[in-house]
Amino acid sequence: MAAIGIIASMLGFNAENQALMISLYIAMDSFGTACNVTGDGAIAVVVDKFFGKKG
């Protein structure tokens, strides 16, 4: 969302294009968060397998 000023001034996006970018960002943000959380969990499992307590 911080890029709205940049896409308006440097890339010449009008208000309709900016609204589309905001809508797409809102739609895809949750998928990025889900992938991040899942990846963190996978890395935790791998590290636990290598360095977890034996016994």
Side-chain angles (χ1 to χ4, degrees):
M1 301 313 327
I4 289 294
I6 294 171
I7 66 172
S9 63
M10 297 184 89
L11 299 177
F13 282 32
N14 60 19
E16 292 174 352
N17 293 338
Q18 291 176 27
L20 179 62
M21 292 297 287
I22 291 169
S23 301
L24 292 173
Y25 172 76
I26 290 171
M28 73 174 203
D29 184 51
S30 60
F31 292 106
T33 301
C35 290
N36 189 10
V37 169
T38 304
D40 290 349
I43 290 171
V45 168
V46 170
V47 169
D48 191 49
K49 288 286 185 187
F50 283 119
F51 299 108
K53 291 184 178 182
K54 309 288 187 214

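A continuous path of hydrophobic side-chain contacts links I43 to F50 [ILVMFWY only; heavy atoms under 4.5 Å]. Hydrophobic clustering, with ILVMFWY side chains joined whenever heavy atoms are under 4.5 angstrom apart, groups F51 together with V46. Cluster annotation: Y25 and I4 are assigned to the same hydrophobic cluster (Ile/Leu/Val/Met/Phe/Trp/Tyr, side-chain heavy-atom contacts under 4.5 Å, transitive). Both I7 and I26 sit in one connected hydrophobic cluster of ILVMFWY residues. Membership requires side-chain heavy atoms under 4.5 Å apart, directly or through other members.
Shortest non-hydrogen contact noted between F13 and M21 is CE2-CG, 3.7 Å.
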